[in-house]
Structure formats: C-alpha cells, structure tokens
Amino acid sequence: MQSRHLHDHLHLRLKPALLACAAGLAVMATPAFAQQVDSNKLLEIMVAKGLVTRAEADAMIGEASSRSAPQAQAPIQGGVAADGTQTIPYVPQVVRDQITEQVKSQLASQAQAEGWSKPGETPEWTRRITLYGDVRARFEPRFFDKGNADIFPNYSAINSGSAQNINDKTAGYVPPAFLNTLENRQRTQLRARLGLRAQVSDWISANVRIATGNDRSPVSTNQTLGAFGGGGYEVWLDRASIRLTPVKDVNIDLGRFGNPFFTTDLLFDPDMGFDGIAVTGRKSVNDRIAFFGTAGAFPVFNTDLNFGSRNAPSAPDSGADTYPGIRGPYKSQDRYLFAAQAGVEFKPVDKVTARLAGAYFHYDNIQGKLSAPCQYYEVVCSTDATRPAFQQFGNTLFPIRNVIPDPLDPVGSPENQYFGLASKFRVLNVHAAVDFEPSSKFGMRLEGDFVKNLGWDRNLLRGTYTQTGGWSGRAINNLGSAIRVPDPKDSTKTILQPGGYEGGNTGWQARLTVGSALSLSADGDWTVKRGGWNLILAYRRLESDAVVDAFADSDFGLGGTNVKGWYLGGNYAIGRNTMLGARWVSSDEIAGPPLSVDRLFLDLVTRF
C-alpha cells in the first residue's frame, strides 16, 4: 500500500518532465534524428506504461505536426570549412522524389517532341529531310569525217568575248576562231550532283542541289577531267526551289528546278534547269483517263544593270548634237520564255499507257536587233545585249552592229561585230508516248516528238537574189553552195557569191525503248534493281531554226540544231541503282557545208 502511494507520488512529480521530453522529441524529430529515434514509438510506450494518457499523446503529436509543417528551415549551405570539414546539405526524400518526377516529365515531353523516346529513332525534323544524288563517270571520243568543211566560225566564243572584226581589208586583220571539224578528240568527264529535299509542312517543300560543271552552261553539268591541269573543280548551284501544293495534285514551283514539261531532248537537254515559276496540275477522271497541264514564265536573260554605261557618248555642253546614234545607258534587253502545255494520259487496256500533249513555247525578245548607228571605235553599241548569252551550234545568225566606218579610211576601217539570232522563236510542240509493260522484267516504249517554229520568217532570212548584189537576206550561216557570177568590175573575171539560206523551222524524232528500265530520268529520280536493262534506238531530224539551239540536246552532233541522224544505246544495272551504259550517236549537218560527226558515250552512273 505504501509502495503504491510512492508510485503515484513519483508519477505526479515526473509527469511534467516526461511530457516535456516527449514533446521535445516530437518537435525535434528532424529526418536525420528520426532515423535513430522514433518519437511516436516512444509516446506509445509512455501511454502503455501509463505515464501519459492517450489524449495527451495525440495532443503532443498534433502540436508537433502543426509546428513543423508550415516552417521551412533555411537550407544548410554546403562547402568546406577552414579546418577541412565538408558540409553536404540534406535534401529531404520528398523533395528528391518531386525533382525526379519533374525531370522525368520534362524529358518525356522533349523526347516525344523530338522523336528520340524510342531506341533507334531520330529527331522529328530529320525525318522531313531527304538527301539524294548521283555520280557519273563518262568516256567520250569524237570522230570527224575527213570530208568535213573547216569554215565554221566559233560564234559562241565571239559572242562571249570581244567583238570580232569582220573586215578582212583592215590592216593586221585577224580572222575569227573556228570550230574543230577535222581532228578526232576524246575526253573523260565526271558529273556529281548532291541534293536535299525538305518537307517544311504538309503543303510546302524545298529542294536544293549542287553539281559539277566546266562553266555556266545551262545544258551540262559535266566536268572534263584534267581540264585545269589536275587542279580542283568548281561546284555550281544547280537547283534551288520552293514547291507549294495548295490543293491536291496542283504544284507551284518557284526558283530553279527541273523541266516541268512533258518533252524530250529534241526541245530541251535532259540536264537543263528552268529559272522562274511553273504551275503543274493533274486531274483523274477515272482509273483510265487523266488530264495534266503546265504553265510557266522563265527569265532567259537579264540585262546588266550598267549596260551601255561604258563608252556611251555624252552630249556636247553647247552647240548642235551631231551624234547619229543613241546615247547610253542603253535600253534593257531582258528575255523571257512563256510556255503552256496540256495533255491527256489514258489506259486503253491493262498494261498499256498512252500520253499525248501539245505545248506552245513563246520566247520573248530573243531575236537579235540591229543597233543604232555606232562609231567603229566604240566599245559598246545599243543592242549588244541582244546577242545570245549562251549558244551551241545551228541557229541562223546575223551581225547586229550598225557600224559607222572611219571617214579617213572607209575601206580599211574595222567593223567589230557581235551576232544575234536571226529568227524569232514561237515553238509549237506535239509529244506522244505509248508504254506496254506486260511484266516487271520487260516493257516497251514508242515515243514521237514534233516541233515547228511559228515565228520563223524565210523571207527575212533568205531575202531575194540579184546577180549584182547576191542574196539580200540577213542570214550569214546555214547557206547553200556559193554561186559564181561575172565580176561587175571586170567582165573578164568571175567572183563567188554566198549561197542562199537553206535552213528550216521544223524537227521531229522517233524513239523506241525496250527493257525493264524504261524511265531513267536525267534528273536522277529513278530506281533499278540489279539486272535491269534497256536498249534504245532513235532517229532525229532537227532543222536550223526549229528550236533555240542553246537549250537543245548537247550530245547530238556538236550540240544544238541543224542536224539529222540516229543513235543506238543500252544500259545494264550491275548493282542496285548502278547502271553501265553505252551509246553511239551518228549525225550530219542539214544545211550549209558538209559536217559529219560520230560520238561514243561510255557511262557508269550510280544514284543514292
């Protein structure tokens, strides 16, 4: 009984101290200290021993929670003390868990957006870009007939350089450069092209391609190996365009792009690029019939901003102005091609596809113009910019400078000339092709092409003939045989007069292709398996002024027009997208002195 009273007495005396200790433990139970002492467990033991009541224990736990929850202690700064003690701040587990979840959420969103959330996947933007290209190695020998004439001036070299004096009575006269038509030649060439296509959005895309090339020729990206003595080669911007597809099957191309028309190399060389804008469309009526069309505008030449500023005579400050010409700067001579084509594609039976299209190509301001009177010593005359910026061989030309001779020596005065196209070009084209493909291993394509220059004027080029004056037409090439007539100054002698113009304005081509690879697009958009093959046989006749020679096939004849002949070739795929090919081209000039040339092309091309 006495011990019981003693226990109660101690309980009453120690209870305040025990409650204070329990409360202190509950309040001071930081995460670090709580890992060693569990304050809640201690209170439970005290309740079991009867030292505190359940209500008192719950009250202490609640008070400790209300004090610690809203108070955020200042973080302990980490670092190294002067005595070398290193302090590492403690990050509560709940904070660490929150940081982990936040980082995981951000990374997941980024991975989903950029496309690397799964192993092996690339970022999304890379899947909208496609690299493509091709490399071709070529060996080409040229064989000239020994009966060829050797009197073909190199008008391309003249028009791209200094004006040529055509008066052979001038003291120290130097004749123009001539084309080689007698000595066989050979060369090895390389063509490399690398392009990038980007799908910017569902209706906007872009295409950029660079390519090799000896010069700025619009019809060839070939680079002759060894041309610069083993030095490096130039790379040109060959394609750069934006394509808009505002509605299905309608494309708008702007910039520099491939040929948007359904044509052959009778009209445009396969490597030719088009500068400007083109709109193409296609509409299917049913499974067997579809209509297609293209329209576009393309700058062919842009006048230099300072044309005519050099050596352009200025008016006198006083007195009468006796200058007979036009004072510079001179009028712009920009040239354009406006074109439209419409066609139909139909499948009369299975495995047979036929296409037929008609087109009109209007070259604006491409014909050369006779200048205003121009003194014999002047460097620039008013229509010099109307000469071709680039030309091959075949078109009829005429001298475009109206030169005023030296009054002190009119006979020996130099006549420095450039040469412009003698004809206008308004070209009508009809193109048809029939494909028969009974299987993936064999097919056949029969193709026909016809062109006619509606702007050609025979009377302007040929003129009329008189025995004393000869032919009055403006043409200076593509002439018939010379005419021997009596010398009007000496009746006992004869002289030779140039023959009359014999050029023309039409052209046509027929071509047969057989094999498993019928469509080897020159733009590189083709795929062939190992063992794929084709054989090609064609005949062509293209008169002098049927099309613009600058843009016609560069591999036929000397490149250009005024040529007829045939070619035979074939290709075999020695590997995937890798073709080994050979082609023999035999040609003769139509109008003018005799000129025959045969060309052999041995090609190895691979694309990717």
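Close placement of the F361 and F268 rings is indicated, their centers lying within 6.0 Å of each other.
Of the N and O atoms on the side chains of D549 and Q392, not one donor lies less than 3.5 Å from an acceptor on the other residue. Between the side chains of D449 and N429, at least one donor N or O lies within less than 3.5 Å of an accepting N or O. A donor atom on one side chain and an acceptor atom on the other are found under 3.5 Å apart for N207 and Y132. Using modelled atom types and a 3.5 Å distance limit, the side chains of R128 and Q199 yield no donor-acceptor pair. R136 and N222 are linked by a side-chain donor-acceptor pair at a separation below 3.5 angstrom, with hydrogens and angles left out of the test. For D545 and T396, the side-chain atoms include at least one donor-acceptor pair closer than 3.5 Å. A donor-acceptor pair shorter than 3.5 Å can be found between the side chains of T245 and N251. Counted by atom type alone, D253 and S241 present zero donor-acceptor pairs between their side chains at under 3.5 Å.
Taking every heavy atom of both residues into account, R599 and G559 meet most closely at NH1-N, 4.3 Å. Minimum heavy-atom separation, F292 to E345: CE2-N, 4.0 Å. Closest heavy-atom contact between P260 and T294: O-OG1, 3.3 Å. Across every non-hydrogen atom of E234 and N214, the tightest pair is OE1-O, 4.0 Å. The two residues Y155 and I476 come nearest to each other via the heavy atoms OH-CD1, 3.6 Å. Shortest non-hydrogen contact noted between R445 and R355 is NH2-NH2, 3.7 Å.
For the salt bridge (Lys or Arg N to Asp or Glu O under 4.0 Å) criterion with R209, the lone passing option out of D238, D134, D271 is D238. Screening F556, W508, Y567 for a ring-ring contact (aromatic ring centres under 6.0 Å, His included) with Y539, the sole residue that qualifies is W508.
Two residues are said to be in side-chain contact when any heavy atoms from C-beta on lie closer than 4.5 Å; D350 and R288 meet this criterion. Residues T578 and L604 form a side-chain contact, since some pair of their non-hydrogen atoms from C-beta on lies under 4.5 Å apart. Proximity of D553 to R540: side-chain heavy atoms (C-beta onward) are separated by under 4.5 Å at one or more points. In this structure the side chain of L542 reaches within 4.5 angstrom of the side chain of V451, judged on heavy atoms. No side-chain heavy atom of D275 sits less than 4.5 Å from a side-chain heavy atom of F298. Taking 4.5 Å as the limit, every side-chain heavy atom of F257 sits out of range of all side-chain heavy atoms of R243. K369 places none of its side-chain heavy atoms less than 4.5 Å from the side chain of I400.
Separation of atoms CG (N571) and CD1 (I536) is listed at 6.0 Å; rounding is to 0.5 Å. Taking CG from D364 and CG from D334, the interatomic distance works out to 9.5 Å, rounded to the nearest 0.5 Å.
A tilted orientation is assigned to the rings of Y360 and H362, their planes being inclined by 30° to 60°.
Ionic pairing of D603 and R138 is present here: one or more N-O contacts between side-chain nitrogen and carboxylate oxygen are shorter than 4.0 angstrom.
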